[in-house]
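Report on the structure given below.
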Amino acid sequence: MQSLLQSFNPALSINSGQVFLWEKHGDLWYGIHGDRIVRFGKDDAGFQSFPELKSCEQKMFRLDDDIKAIVADISRDALVRRLVKAYPGLRLMRQEPEQCIFSFVCASNTNIPMIRRMLSAMARRFGRPVKVNGIEFFTFPSARSINKATIDELCACGLGYRAKAVKAVAEGVISGRLDFGALKNASYEEAKKELLQIYGVGNKIADCVLLFSLEKLEAFPIDIWIARALAGHYRWLHEKQFGDKLTAHQYDLLSEGARKHFGRYAGYAQQYLYYHMRQGAGKKW
DNA sequence: GTACAGGCAGTAT
DNA sequence: ATACTGCCTGTA
């Protein structure tokens, strides 16, 4: 178990587009995890959360997963088998549902530096300041505090037209219409259907939330990069050839095909494919 | 200037 | 049902 934590490299997870609010100061990585700041370093530095929370790293880094069994399962695919070996520090992380859904609603039609900018601005404005090692951080704002903000205030965080969607998510959480506890217990299909009801949440964002925060490891989010990977390496999944843009039908077809092919841990496989596609592909950060 | 970036909802077929 | 289009904002 401990060796897994030691082999974790936050930079890989950030570049795999699953978390956005991690930054490196000196030799240490700091991350915003909901209402807490977490700190991660190699060896002696270990892991710490502020305020302290027992077993926080087990949860965050999914040390409760049977990673051996998962890797064995997804390694039935030859490409994934190769990538698992190539990127040993890459891990799927377990996020807090609220931070996760707000993050990915902001992620639509933009890029990682912009997402980071938006989320940081929201935290600075609506989060709580916390000093760790003399560095000031801001916790991720609660749905309640986001809901109290006006559309204009959210726009001032650089959200643009996404402000309306962020507000809709906050209202969903406050009203109880969006119940993450219930979604965790529901099946993948049921939970996805519920998420798709929320304004601003489509196929891709729903799958991200399901995979990263609602324990649906079969979820297989398909963005432009995964679509390219599927077109390049898994052409047989396609009914016919198509370009970069994904229609709803194509998304469903590919997503279901991928879940069938990669199995119940398809989401893990997706992380490796995504990271691989971004390698040397003109990253802008 | 303009193309583009990790989608979405609204509208037209 | 399926395809097309506009959209905030920042960068190359």
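Below, chain A is the first sequence line, B the second, and so on; all start at residue 1.
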### Task
Could you work out the separation of B/dG6 and C/dA3 based on their C1' atoms and round it to a whole Å?
22 Å

### Query
Taking the six-membered ring where the residue is Trp, are the ring centres of A/Phe104 and A/Phe212 under 6.0 Å apart?
yes

### Summary
For A/Asn109, the side chain to side chain donor-acceptor pair (under 3.5 Å) test, sequence neighbours excluded, returns A/Tyr161

### Query
With the threshold set at 4.0 Å, does a side-chain nitrogen-carboxylate oxygen contact exist between A/Glu171 and A/Lys167?
no

### Message
Would you say the rings of A/Phe262 and A/Phe220 are close, in the sense that their centroids are separated by under 6.0 Å?
### Response
yes

### Message
In this structure, how many angstroms lie between the P atom of B/dG6 and the CD atom of A/Gln270, rounded?
### Response
14 Å

### Message
Taking 4.0 Å as the cut-off, does a side-chain nitrogen or oxygen of A/Thr247 come that near to OP1 or OP2 on C/dA3?
### Response
yes

### Task
Could you tell me whether the side chains of A/Asn133 and A/Tyr30 share a donor-acceptor contact shorter than 3.5 Å?
yes

#### Entry: With A/Asp35 via side-chain contact (heavy atoms from CB on, under 4.5 Å) - residues at least two apart
A/Arg128, A/Thr139

#### Entry: A/Met114 CE - C/dC7 C1' separation (whole Å)
13 Å

### Residues in side-chain contact (heavy atoms from CB on, under 4.5 Å) contact with A/Lys59, at least two apart in sequence or another chain
A/Arg94

### Query
For A/Leu119 and B/dG6, what is the distance between atoms CG and P respectively, to the nearest whole Å?
15 Å

Pull out every protein N or O sitting under 3.5 Å from an N or O of nucleotides 11-13 of chain B, one pair per line with the distance.
none

### Task
May I ask you to check whether A/Arg124 and A/Ser120 show a side-chain donor-acceptor distance below 3.5 Å?
no

### Message
Using a 4.0 Å heavy-atom cut-off, does A/Val201 contact any base of the nucleic acid, only the sugar-phosphate backbone, or nothing at all?
### Response
sugar-phosphate

### Message
At 4.0 Å (heavy atoms only), tell me whether A/Gly17 reaches a base, stays on the sugar-phosphate, or touches nothing.
### Response
base

### Task
Would you check if there is a donor-acceptor pair between the side chains of A/Asp65 and A/Tyr265 at a distance under 3.5 Å?
no

### Task
Rounded to the nearest angstrom, tell me the gap between atom CZ in A/Arg116 and atom P in C/dT11.
14 Å

### Message
Near DNA chain C, counting only heavy atoms under 4.0 Å, which residues of residues 159-167 of chain A show up?
### Response
A/Gly160, A/Tyr161, A/Arg162

### Task
Using the P atom as the reference point in each nucleotide, state the distance between B/dT11 and C/dC8 in Å, no decimals.
14 Å

## Note on the structure
Comparing nearest nucleotides in DNA chain B, the 5'-proximal residue of the pair A/Tyr199, A/Phe104 is A/Phe104

### Task
Using a heavy-atom cut-off of under 4.0 Å over every strand shown, decide if A/Ile115 touches base, sugar-phosphate, or nothing.
nothing

### Under 3.5 Å donor-acceptor pair, A/Arg117 side-chain atoms to C/dG10 base atoms
no

#### Entry: Minimum-distance nucleotide (side-chain atoms of A/Asn203 versus B/dG7, B/dC8, B/dG6)
B/dC8

### Query
Quick one: A/Asn111 CG to C/dG10 C1', roughly how many Å, whole number?
8 Å

## Note on the structure
Intra- and inter-strand pairing of DNA chain B, written as dot-bracket with Watson-Crick and G-U pairs under 3.5 Å and | for the latter, reads .||||.|||||||

### Message
Check for me whether A/Arg39 meets the cation-pi criterion with A/Trp29, that is, NZ or CZ under 6.0 Å from the six-membered ring centre and within 45 degrees of the ring axis.
### Response
no

#### Entry: Separation of C/dT9 P from A/Met118 CE (nearest whole Å)
10 Å

### Summary
To the nearest angstrom, the CG-P distance between A/Asp207 and B/dC8 comes to 9 Å

### Task
Assign the ring pair A/Phe61 / A/Phe40 to parallel, tilted or perpendicular, where the plane angle (0 to 90°) is split at 30° and 60°.
perpendicular

### Message
Quick check on the 6.0 Å ring-centre criterion: do A/His33 and A/Trp22 meet it?
### Response
no

### Message
At 4.0 Å (heavy atoms only), tell me whether A/Leu154 reaches a base, stays on the sugar-phosphate, or touches nothing.
### Response
nothing

#### Entry: Spacing of A/Phe20 atom CZ relative to B/dG6 atom P, expressed in whole Å
11 Å

### Task
Determine the Euclidean distance between corresponding C1' atoms of C/dG6 and B/dA5; express it in Å to zero decimal places.
16 Å

### Any donor-acceptor N or O pair under 3.5 Å, side chains A/Tyr234, A/Asp77
yes

